[in-house]
Amino acid sequence: MEESRPKRIRTKKACLVCHKKKRKCSGTFPCFYCERYCYECQYAQDLVKINTPHLKDNWPEIESNHKQLLESNSYKQDDYSPARSDNSSEVWSSHNNEFVDHAVQEKKKRRMTKKTNALCFPAIVSERLEASPITRYKPLAWNMGTRVRQEPNENSKIHTFLSKDQCLYYVSVYFEDVNPIFELLDQTAFEEQVHKQWAEDMAADFGVLLCSVVVLGSFFSHNNSLHNELQLLQYAEGLLNKSAFSINSIPSIGQIVSWILRSVYLRAAAHPHNVWLASCVSMQCIEIFCLYHDSNEEESNLSEYEQQKHSYFSSKIKIFSIAWAFNRILASEYGTTPIKLSELNIKGVHFSEQSKSHQLTRLASVLPESDELTKEPQMAYFAAIQRISQLSKLQPIQLTLMRATVCFHLYRSLYLTNSHPDETIVGIIVKMTDEALDKCFTLCEKKQAWWSVLDIPFHGICVMLSIDTKESLQLIPKAFKVLNTAVEIFNTAASRDAFQVVSALCDALRDRKINEAKLLNYKEPLKNQNKTEFDNFNFEGSSELVLGDPFFDLFNLGDTDIYS
């Protein structure tokens, strides 16, 4: 006998949201569309009609509960939460089970992202610790927050921003602190080009590249930074945008490298959205320029002028590999999909073991591909964590910090699948976090505001709290020591916000454990029993087993000695 199918519900009136967007409305409250995309479902009072029979009688109660649910989802300002900024937006989480990617939607700006985004993890940990919401969707510990946007400058020459001696100083800082991680330029050839073109009318491509190098050198010189650094950055941005919107030009190698360097600077100083867009632009320029087609024939046919012009650049395939690796690592932090270029004629990347680019590329290659995540995501994440632990010792220390960042992403992805890593995986995560914290101390002593100086202790504490084992919790005091050092040295709003949030998370876990311990206070006084008999109980062993007499009586063994 066939089962009777439920009668199809026909909706005559749609809610205001579905009516405005011309969507098919389910007619319930909230309707399916509003519930799925976290809209506030409303019906016109004269058009309200509930098509679900069992909800008709309880409409006022349901509407009241729905309003309470909406209010409870909004983040409230607490005494210990960071001060609210103009750019911060409240977050709504989708409760629909169909969203495998754990989507998060900003209430005001309607932007979507995944919960694997590093910015969302503190709120997720707070929710699972059953603590009151302590953080909004804002870039907590994304970088040190040492730069504030300034008004753009209309000057058209780099000479108006700094002198030649200043330029050479910041170029040297760049090659000392940044280029060892991102091997994009040759120092000797680049400095020769600076001397040559400074007195002449500087070419636009070299000018924007030089600006990108100088602003990075200025950023990592700490107290000796250029006073108009942000204006120089915006000047370079204007040159890049001018070339991007030009009708008769295609991206040059200089512009591609400038976009890569711009994304590095924005990662250290700007909002996550900006750095991701800059990294994507660099990858799209690479695709337009076909930089990933490393043709030896093309290299051999370059004229002498072209060889001199590009003498200060690394090889094409190395530039592509660095951009690809950085984009891939950024995508893991930002919780989105990396740019994937056409695989047609892409050659394998082979560097020497001593090359820093080789280490950066291997680190990015650890991240699982999309097809691996589709089949068995948990196994893919477990395997990736094991692979990252097998990487050789990374140098310079910034690469060790990037390795910890990648490890945090893999753990966050596992955490959101509700899987429990075994002791081996937990040991790997704790070990890499411990090593990264040691490196953070070194950067703090040098007063270099790499984003990892704040990112590693902040997210390290979040990860250790979520693991919640004795081994992981023992690392929290060390992470707090690093965080305290960063706050004392840089003293930025971003570092102070990070400290307040993780302090509140630690308090929440401590309170939960105290409440759980109180559940063990179950003892009550015994009734009609001799207390001294229990006080004299021997925990080391007793000749009178509790189950001994009943066992012997059951088999009528009497006083028989079973050991004789």
Side-chain angles (χ1 to χ4, degrees), residues 78-82 118 121-132 134-135 140-145 385 389 397-398 400-412 415 421 423-517:
D78 293 321
D79 294 338
Y80 49 78
S81 63
F121 194 66
I124 296 171
V125 175
S126 173
E127 179 183 350
R128 298 203 179 184
L129 290 177
E130 299 178 356
S132 57
I134 61 176
T135 177
L140 284 167
W142 179 254
N143 53 51
M144 291 302 305
I385 293 176
S389 66
I397 60 178
Q398 287 85 349
T400 302
L401 301 181
M402 286 187 182
R403 182 179 67 172
T405 299
V406 173
C407 184
F408 290 163
H409 161 70
L410 297 172
Y411 172 77
R412 284 194 299 267
Y415 188 76
E423 294 182 359
T424 304
I425 299 297
V426 171
I428 292 173
I429 297 172
V430 172
K431 181 180 178 181
M432 278 192 283
T433 306
D434 190 16
E435 293 177 357
L437 290 173
D438 291 333
K439 305 301 182 182
C440 286
F441 274 122
T442 304
L443 292 181
C444 285
E445 292 174 356
K446 295 181 179 180
K447 297 182 179 180
Q448 292 186 4
W450 283 91
W451 56 87
S452 304
V453 173
L454 190 59
D455 173 81
I456 295 299
F458 176 80
H459 286 287
I461 293 174
C462 292
V463 168
M464 296 302 111
L465 288 174
S466 60
I467 293 176
D468 193 13
T469 62
K470 181 180 179 180
E471 183 183 14
S472 66
L473 297 181
Q474 286 177 340
L475 199 58
I476 289 181
K478 182 176 182 179
F480 262 109
K481 186 176 180 181
V482 176
L483 194 55
N484 282 331
T485 305
V487 174
E488 291 174 359
I489 292 177
F490 299 99
N491 193 25
T492 60
S495 62
R496 294 191 296 270
D497 286 350
F499 181 84
Q500 291 175 349
V501 169
V502 291
S503 298
L505 289 176
C506 289
D507 292 341
L509 180 60
R510 185 188 64 247
D511 294 341
R512 192 183 76 176
K513 287 184 176 294
I514 291 174
N515 293 331
E516 291 174 352

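Along the sequence shown, residues are numbered consecutively beginning with 1.
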Is K446 atom NZ crowded by more than 12 heavy atoms from other residues, nucleotides or ligands, each under 6.0 Å away?
no
Apply salt bridge (charged side-chain N to carboxylate O under 4.0 Å, His left out) to R512 and list each qualifying residue two or more places apart in sequence or on a separate chain.
D468, E516
Got a second to check how far I456's CD1 is from E435's CD, nearest 0.5 Å?
11.5 Å
Indicate the atoms forming the closest heavy-atom contact of C444 with V453, along with that distance.
SG-CG1, 3.4 Å
On the 0 to 90° scale, with breaks at 30° and 60°, tag the F408-H459 ring pair as parallel, tilted or perpendicular.
tilted
In Å and rounded to the nearest 0.5 Å, what is the CZ to SG distance from R412 to C407?
10.0 Å
Does the pair T485 and V482 meet the rule for a side-chain contact (heavy atoms from CB on, under 4.5 Å), with working shown?
CA-CA 5 Å; T485 305; V482 176; 5.6 Å; no
Just do the side-chain contact (heavy atoms from CB on, under 4.5 Å) check on T442 and Q448 with the steps written out, would you?
CA-CA 9 Å; T442 304; Q448 292 186 4; over 6 Å; no
Exercise: identify the closest heavy-atom pair between I476 and C506
CG2-SG, 4.1 Å
Closest heavy-atom contact between P457 and S452?
CD-O, 3.8 Å
Rounding to 0.5 Å, atoms OG (S466) and CG (L505) come to a distance of 10.0 Å
Do Q474 and K470 touch side chain to side chain, with heavy atoms closer than 4.5 Å?
yes
V487 backbone acceptor or donor facing S495 side chain under 3.5 Å:
no
Donor-acceptor contact below 3.5 Å, side chain R496 vs main chain N491:
yes
Apply the test side-chain contact (heavy atoms from CB on, under 4.5 Å) to residues L401 and L443: give CA-CA distance (whole Å), side-chain angles for both, the deciding distance (0.1 Å), then the verdict.
CA-CA 11 Å; L401 301 181; L443 292 181; 3.4 Å; yes
Report yes if some heavy atom in the side chain of L475 is under 4.5 Å from a heavy atom in the side chain of K478; otherwise report no.
yes
Trace of the side-chain contact (heavy atoms from CB on, under 4.5 Å) decision for R403 with T400:
CA-CA 5 Å; R403 182 179 67 172; T400 302; 4.1 Å; yes
Atom CD in E423, atom CD1 in I428: separation rounded to 0.5 Å?
12.5 Å
Only residue of I467, L465, I461 satisfying side chain to side chain contact (heavy atoms under 4.5 Å, CB included) with V463 is I467
Nearest heavy-atom contact between M464 and L473 is O-CD2, 3.9 Å
Closest non-hydrogen atom pair, M402 against W451
CE-CZ2, 3.9 Å
Shortest non-hydrogen contact from G460 toward T433:
CA-CG2, 4.2 Å
Are K431 and D434 within salt-bridge range, i.e. N to O under 4.0 Å?
no
